[in-house]
Structures are given as C-alpha cells and as structure tokens.
Protein chains: 2
Amino acid sequence: MRRFKIPEVTVGRLSLYLRCLNELEEEGIEVVSSLDLGRRCGVNPAQIRKDLAYFGEFGTRGVGYYVKELKEDIKRVMGLNKIWEVALVGVGNLGTALLRYRGFQQHGFKLSVAFDIQTEGKEIPEGCQLYHASEMERVIKERGIKLAIISVHYSQAQEVAERLARAGVKGILNFAPVRIRLPRGVVVRNVDMGTELEILTFYLTMKGTR
Amino acid sequence: MRRFKIPEVTVGRLSLYLRCLNELEEEGIEVVSSLDLGRRCGVNPAQIRKDLAYFGEFGTRGVGYYVKELKEDIKRVMGLNKIWEVALVGVGNLGTALLRYRGFQQHGFKLSVAFDIQTEGKEIPEGCQLYHASEMERVIKERGIKLAIISVHYSQAQEVAERLARAGVKGILNFAPVRIRLPRGVVVRNVDMGTELEILTFYLTMKGTR
DNA sequence: CCCTCCATGTGGTAACTTTCACAAAAGGTA
DNA sequence: TACCTTTTGTGAAAGTTACCACATGGAGGG
C-alpha cells in the first residue's frame, strides 16, 4: 500500500473499472476475476491487478474480487464516497449543456453554482444558482467549493483559473482550448474537443498516405 | 521521415503546437525556437524537436522555425488543410451545445448533418441539417462523411458506433460514458467528462490523506 | 570565403508503463 | 488434514516515452 506517485493513466482506469463494476452489479454478478473484468473493459488483467495494488489488497486468491466491495473500495480511494459541489464558470452554449448534463449528478457531483458576466435570460436547472461573475470569489469561499469547471472564452480562461485558485478551488476542469497553467496545489485537467477531432483526422490522413 | 507508429501523445502535442503557432502569428512573431515555443506551451524543447522529427525537418539550424511555414506543415501532416464534414448523432443537451459550439468551425470542421430519433422541436443552426436516425446510413454514405460525434445515451452508443462504421465513417469522437470498441479500420476517441472530474477528486483526496 | 554563433536534429540514456510469469494463499474436496 | 484448483499479488523483463547532450550545418559578419 504505497501512496506515492500514482500515474494518471492508473487513476483514469480506476474510473473505468468503477463503471464496469456498476454494470456487473446491475447484472447481479457478485464476484469477478481480473481476467473477466479485463475482458469487459479492454484492459490486461495484470494491469488491473497492478493498478489496484497501489492502494491495497482487495482480492481473494483463488476467487477474485467481490464486486460490491471492490466498488466501494475504489470509490473510497478516489474520494467518491461523498457528494462534491462544483462551480461552473461561463454559461454559454457549452456551459448550459454541462449544467443540464445528467452524467455528473449520477457520479456524485452537484453543479450547485454557476457564474457569468451576463445573468439575464439564462435558463438554469433546479438546484443550481446563477451569480454574476464579480461574486465568484465570495460565493466560492462561503460555500467552500473545491471543484470548478471553466467553459468561458479561451481569452479569459487563464484569468478565471487564477481567480478560482485564489478563492480556494483545488481542482479545475477546463474546456477552453488553452492549456491553463497554475502553481502547484491546484490540479488542472484540460479537455480540448478541437484537439480530439484533430487527432482523428491525423490518423485518417495517415492511413491514406501510407 | 519515418511514418510508422506515431505515439498518440505526439499527435496531441502537434495540435497544441498549432494553437501556439496561431497565437504567435497573431502577435506578428515570424520565427520561433523550440525553446521559446516550449516555454509557451509547457513542453520540453527536445520533445518538440523529436515530435516534429517524425515528419521531416522543418527548422533551420541556428535560426529556429518559421512560424507560418511550420503552421502549414503541421496542418498538412494532420490533414487539416481541408474542411472536414462531421456528422453528429444524438441531439440532446450535449449534442445541441456541440452543434452551436463555434470552436469546431474555427478549426476547419463543419457539423453539416445531425441525427436523432426525435426530429421535432429542435433548434438547429444554419448550415446543418437534422435527419431522423433511421436515415443515418443513407445520408452518411451519400455525402461520404468520414467523421462522426456520438452524443447519445450510453446504452445506445455501441450500436450507433457500429452503424456509423458500416456506413463508412472512419473516425468517431464518443462523448457517451462507455468505452466503444470497434474493429480496426475505425479510430475511436472517448471523451468522458465524468472520468475527468473523478481524476480531479482523486488528486484532491490524495493530497488530504497523505 | 572563411569563421563564429546558434538552434536544430539525433544517438544514447533515464524514467516510466505495461506485460509476463510464477510463488503464495485461499477455498473446496476427499 | 492433505491435496488440488484457481486466481491473486508482485519481481523481473519488455516495451514506450521523455530528456539530455552534443555533433551538425545554416546564416551572417568581417
């Protein structure tokens, strides 16, 4: 049970295992081996065991993993055994869609506050409150929010990120097409849909050229 | 100029360099060294040179890279010197937002057709046509579309992907939270926003625990 | 035309990830 | 209890990716 330097890919796979385990649970399967789990989610079984070994011994030799238990263990390890409040900054097209997206709620995230420089005429779902961007620091500090999503124009993303960090946010998911850089202590993940499409065209073009 | 087995991370970085080069061009900077470019986008300069070396020699020793030239070279390598038509399947919350998202157009992608099982009462932007899902194969074949975005419910994502592949699509960007698996010949990229948030909570939780 | 300067392109190596392969342990059976 | 089957947990090997360090070769000046 060593806790140092967990590779990011491992963490991503934990999330994947979690999804598979949920499926297995729904199907009424109670025990699963790394081989079967691996087949399901397209990961080498040894890889699964190594990933899990970073955090402890969750299996039973000769048997496998108890689905329900492993699920809870992974949730605990990833900090998903509680509900996380998330702030969303930038209620444009994408921001609005993200507010309505049900996938977050299902995974224990609650988009409870949103910010924009324009607060008129926006449709905000139940349970979420819209504030003017100038109130960002105050509201985030008051509610002790640690997670934020940035969906503003790329020219403002870096500045918004810095303000969020100063307000006490510790994790940022950035949808603007700039690589945000912040001092250590804040984790940033950049989701760039343009890049994703470009990677696809690259491989499509390659195939033709070769 | 070897063309075999380009790592995916390299391709992603090419896209990043492209963005930086656009910025540099806007600022009127004509020549850039790998050192400066590296500082801008947070990549080691040797890394940049290695990445580019997969595709040829684009720089001039003692000088650096000519911004405009390198930009065009990267665009050519990635197949971005043309406009790509993209089909979108699933016009729900997320799908609608993606249709309206301007970032794609700016990078040479045109969301020209969309499909859903429900075609009534959807607001579709100019230049994009909405069809019933049953017409998917026909329309995609007729227009020779090679790229598609999936934003349907996760329970249908795999099936939609298979239909797209049969209709001739070669690259799929999947926003549904399932890892889509297809036979070789079709490139799939999964964008999973739930996983992204979970990776953040993992690192936030870790920091506290350690 | 030669010499100096400077940033590229690249061989080698270090760091990291994935996979293999097997000893260790748990559970069932006689 | 002893033995057999099964699957974990893990050390070591293989495979990738990132980085260092320097020879190479343009460009510009004298």
Side-chain angles (χ1 to χ4, degrees), chain A residues 1-17 20-21 24 29-71 73-74 77 179 199 202-203, chain B residues 1-17 20-21 24 29-71 73-74 77 179 199 202-203:
Chain A
M1 164 108 75
R2 47 219 141 100
R3 278 194 183 256
F4 289 97
K5 250 304 280 156
I6 314 292
E8 208 169 279
V9 274
T10 289
V11 185
R13 280 192 299 262
L14 287 185
S15 170
L16 176 63
Y17 304 154
C20 276
L21 290 167
L24 287 164
I29 296 167
E30 295 189 344
V31 182
V32 69
S33 67
S34 57
L35 191 71
D36 287 341
L37 186 57
R39 264 201 281 264
R40 284 223 172 206
C41 54
V43 177
N44 179 300
Q47 182 79 80
I48 295 182
R49 298 198 297 272
K50 265 269 156 71
D51 285 341
L52 295 175
Y54 279 111
F55 306 100
E57 308 197 353
F58 302 119
T60 307
R61 296 179 187 212
V63 178
Y65 301 90
Y66 293 95
V67 171
K68 206 159 185 161
E69 270 181 38
L70 183 57
K71 199 184 108 180
D73 284 328
I74 294 182
V77 160
R179 202 125 314 188
I199 294 175
F202 171 82
Y203 284 111
Chain B
M1 164 112 71
R2 48 221 140 100
R3 279 193 181 258
F4 289 94
K5 250 300 284 158
I6 314 292
E8 206 169 280
V9 274
T10 290
V11 186
R13 280 193 300 261
L14 287 184
S15 170
L16 176 63
Y17 303 154
C20 275
L21 291 167
L24 287 163
I29 295 166
E30 295 189 345
V31 182
V32 68
S33 67
S34 58
L35 191 71
D36 287 342
L37 186 58
R39 263 200 281 263
R40 282 222 174 208
C41 55
V43 177
N44 178 299
Q47 183 77 78
I48 295 182
R49 299 198 296 272
K50 265 271 159 69
D51 285 341
L52 295 176
Y54 279 112
F55 306 101
E57 307 196 355
F58 302 119
T60 307
R61 296 179 188 214
V63 177
Y65 301 91
Y66 292 96
V67 172
K68 206 159 187 163
E69 270 181 38
L70 183 57
K71 200 184 108 179
D73 284 329
I74 293 180
V77 160
R179 204 126 312 188
I199 294 175
F202 172 81
Y203 285 111

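Residue numbers begin at 1 in each chain, while the letters A, B, ... track the order of the sequences.
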Nucleotide [N], atom [atom2] - distance to [atom1] of [X] in whole Å:
X	N	atom1	atom2	value
B:Ile48	C:dA7	CD1	C1'	13 Å
A:Phe55	D:dG9	CZ	C1'	15 Å
B:Leu52	C:dA7	CG	P	16 Å
B:Arg39	C:dA7	CZ	P	11 Å
A:Phe58	D:dT7	CZ	C1'	17 Å
B:Leu70	C:dA7	CG	C1'	14 Å

message = I need the full list of salt bridge (charged side-chain N to carboxylate O under 4.0 Å, His left out) pairs touching residues 60-70 of chain B, with sequence neighbours left out, sorted by first then second residue.
response =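 Sorted result for residues 60-70 of chain B: empty, none.
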ask   = After noting the C-alpha distance and the side-chain angles of B:Tyr17 and B:Leu70, does the key distance pass the side chain to side chain contact (heavy atoms under 4.5 Å, CB included) rule?
value = CA-CA 9 Å; B:Tyr17 303 154; B:Leu70 183 57; over 6 Å; no
note = Note: B:Gly12 and A:Ile199 closest approach over all heavy atoms is CA-CD1, 3.9 Å
key: Which atom of B:Val11 lies closest to which atom of A:Tyr203, heavy atoms considered   = CG2-OH, 3.8 Å
key: Distance (rounded to the nearest 0.5 Å) between B:Cys20 SG and B:Ile74 CD1   = 10.0 Å
ask   = Looking at CZ of B:Arg39 and CG of B:Asn44, how far apart are the two atoms once the value is rounded to the nearest 0.5 Å?
value = 12.0 Å
key: B/S/- contact track for nucleotides 17-25 of chain D, protein heavy atom under 4.0 Å   = SSBBB--BB
request  = For residues A:Ile48 and A:Asp51, determine if any side-chain heavy atom of one lies less than 4.5 Å from a side-chain heavy atom of the other.
outcome  = no
query = Taking side chain as C-beta onward, heavy atoms only, is A:Ser15 less than 4.5 Å from B:Phe202?
reply =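 Contact flag for A:Ser15/B:Phe202 side chains = no.
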message = Taking the axis from the first five pairs and the axis from the last five, what angle separates them in the helix from C:dC1-D:dG30 to C:dA30-D:dT1, rounded to 10 degrees?
response =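 It comes to 0° between the two terminal axes.
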query = Between A:Ser34 and D:dT8, is there a side-chain N or O to OP1/OP2 distance below 4.0 Å?
reply = yes
message = If the cut-off is 4.0 Å, is A:Tyr65 near the phosphate of D:dG9, judged by side-chain N/O to OP1 or OP2?
response =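 Yes, within the criterion.
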request  = Go through the side-chain N and O atoms of B:Tyr65 and B:Asp73 and say whether any donor and acceptor fall under 3.5 Å apart.
outcome  = no
key: Residue B:Thr60, side-chain atoms from C-beta onward, closest of C:dG27, D:dT8, D:dG26   =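 Among the listed nucleotides, the one closest to the side chain of B:Thr60 is D:dG26.
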